[in-house]
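Hydrogens, waters and symmetry mates are skipped; everything else that's a heavy atom, side chains included, is used. Residue numbers start from 1 in every chain, and the chains themselves are labelled A, B, ... in the order their sequence lines are given, proteins ahead of strands.
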2 protein chains.
Amino acid sequence: MRSLLILATAALLAGAAPPKKPLTPNDIVAAAPASAWRTIDPDNLMVMDLASGGRIVIQLAPAFAPVHVANVKALARGNYWDGATVYRLQDNYVAQWGLNESDRPWPKGVTAKPPAEYVRPLKGLAVRPLGFADPYAPGAGFVDGWPVAYSAKANWANLAHCYGSVGVGRDLSPDTGTGGELYAVIGQAPRQLDRNIALIGRVIDGIDKLSSLPRGTEALGFYKDKAQFVPIARIRLASDIPAGERPALEYMDEKSAAFRDYLRLRANRKDAFYDRPAGGVDLCNVQVPVRKKG
Amino acid sequence: MRSLLILATAALLAGAAPPKKPLTPNDIVAAAPASAWRTIDPDNLMVMDLASGGRIVIQLAPAFAPVHVANVKALARGNYWDGATVYRLQDNYVAQWGLNESDRPWPKGVTAKPPAEYVRPLKGLAVRPLGFADPYAPGAGFVDGWPVAYSAKANWANLAHCYGSVGVGRDLSPDTGTGGELYAVIGQAPRQLDRNIALIGRVIDGIDKLSSLPRGTEALGFYKDKAQFVPIARIRLASDIPAGERPALEYMDEKSAAFRDYLRLRANRKDAFYDRPAGGVDLCNVQVPVRKKG
């Protein structure tokens, strides 16, 4: 069958001495040197195994929501989520999971009412600017592999709600949520949530195990019957998994030449499939490259 | 359980004489008068029924890709897709379906090699501007319910690749695809495809029946085994379905006061859940309201 995106190598089949073919973003990723990649600390990787066998790996962002991230780590280490489920799937929005927070006391080390870690100071962050307008903030770019929005004038920065972003479910403001119920974005970036809710990280492997779950039929995508709830076998930090069994991942450093080239091509596709480069790209469509280590 | 987005009515539970609560975009949609809605011509609705029972309704856009849309209508009326399947699911990108185009001759009325209907003249379109910068084009807005990008200076406009957009699979340029293989966007808007491929419409009901399918494990999300292919029972135009059984849908007119208010609130959430309005919104995150008629 024909494909929407034929691999560019097909362009080589026509002649014996093909001209140098234009590079794609994937070509840049494949050719990026080891120096362009940064290993993710296993203490900032949270591993969620569904009872069905699917594994979801979440990179945590303590630089942006330190108290909420510390909570989530304490919850994982305290086995708080034993018996937890995925109980909400709202199409083009979020998958949500956890435990009814009234069902079980908080483990040691959990701050029950964390501060509103919705923004942090821009100062101290070395942001590589996106280079294109962002409708949601004065500035947008990347820092330590994270897509961020910011205001230089007002000195704030926030993690952006992109596909795969993980945040803390909460009730109405000023509640900020404790961390026992989490959501992941599975649709068009709901950037209106930026600066209104605490993001603690993002799914960097296995988001398809959440995005392909059946949608809930109740209001806001909640599953109607308990029988539909998707059981979670366990949630652990990678650092608590034996070294040989834990996932090991790395992201492309936005300060690298490879990322510079990758970003340029994400904004300007011009290859065997693309004739008209856009000349721009939105923050969440850049998709910082992540790969398995080794 | 707590929810990410508690229904705003919860804010009313506290007191006997509640203050007037701030409106949400959903409030605007619910209160919009009949005059704000436009019925979609059943001749521009294509209905795809999966063998499993799921129904996907696609609104066609003849004003943007007349030859490709005419092809798709001829294919539906000619029962071209008998035995077709969904054969590709690439996470955060597209679901793709159809029939291997070499398997069956084109029905009468199909143009085998359509022109590149990737843009059309802006002239003749009454666009309501989005009002915020779009990184992918000089202008962005809405016309007849469609999200469009455009250049006033160069006099072109294109349908934007948003969640649910439906396009024509093709091989490498300058091939434009005939229409026998279609895709729908199921992730972050891949706007880099704008002006590089023919969009023929968008899924306006049942996109979750595609977005929740298992992801393919081959390159580009193709299913590995034929056993994974998802059989399609039939694809028809709504106008060929008896009047009592066909879907009937309407969209919110972007020229209405209701849409003006809806757009303003999509860019400025400030209600029981949202404390910090973004002050902007991207084209594909506006999500033109569509509802069942009656």
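The side-chain tip of A:Arg170 points at the ring of B:Phe273 from less than 6.0 angstrom away and within 45° of straight on.
Inter-residue side-chain proximity for B:Asp282 and A:Pro135 is flagged as met; some heavy-atom pair is nearer than 4.5 Å.
The distance from the CD1 atom of B:Ile186 to the CD1 atom of A:Ile186 is 10.0 Å, given to the nearest 0.5 Å.
Here the closest heavy-atom approach between residue B:Ser211 and residue A:Arg215 is recorded as OG-NH2, 3.4 Å.
Listed by chain and number, the residues in a salt bridge (charged side-chain N to carboxylate O under 4.0 Å, His left out) with A:Lys224 amount to none (sequence neighbours excluded). Checked against side-chain contact (heavy atoms from CB on, under 4.5 Å), B:Ala133 has the following partners two or more places apart in sequence or in another chain: A:Ala133.
A:Arg276 pairs with exactly one of B:Leu193, B:Asp194, B:Asn158, B:Val119 by the side chain to side chain contact (heavy atoms under 4.5 Å, CB included) rule, that one being B:Val119.
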side-chain contact (heavy atoms from CB on, under 4.5 Å) for B:Asn285 and A:Tyr136? Distances and angles first, verdict last. CA-CA 11 Å; B:Asn285 198 18; A:Tyr136 296 94; 3.1 Å; yes
Might you work through the side-chain contact (heavy atoms from CB on, under 4.5 Å) test for A:Gln192 and B:Val281, ending with a clear yes or no? CA-CA 8 Å; A:Gln192 70 275 12; B:Val281 62; 6.0 Å; no
Could you walk me through whether A:Asp91 and B:Tyr163 pass the side-chain contact (heavy atoms from CB on, under 4.5 Å) check? CA-CA 10 Å; A:Asp91 195 66; B:Tyr163 195 90; 3.1 Å; yes
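Heavy-atom distances place no part of B:Pro174 under 4.5 Å from chain A, backbone and side chain included.
Looking only at heavy-atom pairs under 4.5 Å with chain B, the residue among A:Leu130, A:Leu89, A:Asn268, A:Asn92 that has the most is A:Asn92. Looking only at heavy-atom pairs under 4.5 Å with chain A, the residue among B:Ser212, B:Gly180, B:Pro190, B:Cys284 that has the most is B:Ser212. No other option in A:Val185, A:Asp208, A:Asp134 has as many heavy-atom pairs under 4.5 Å with chain B as A:Asp208. The candidate with the highest count of non-hydrogen atom pairs below 4.5 Å against chain A, out of B:Ala189, B:Pro214, B:Gly187, is B:Ala189.
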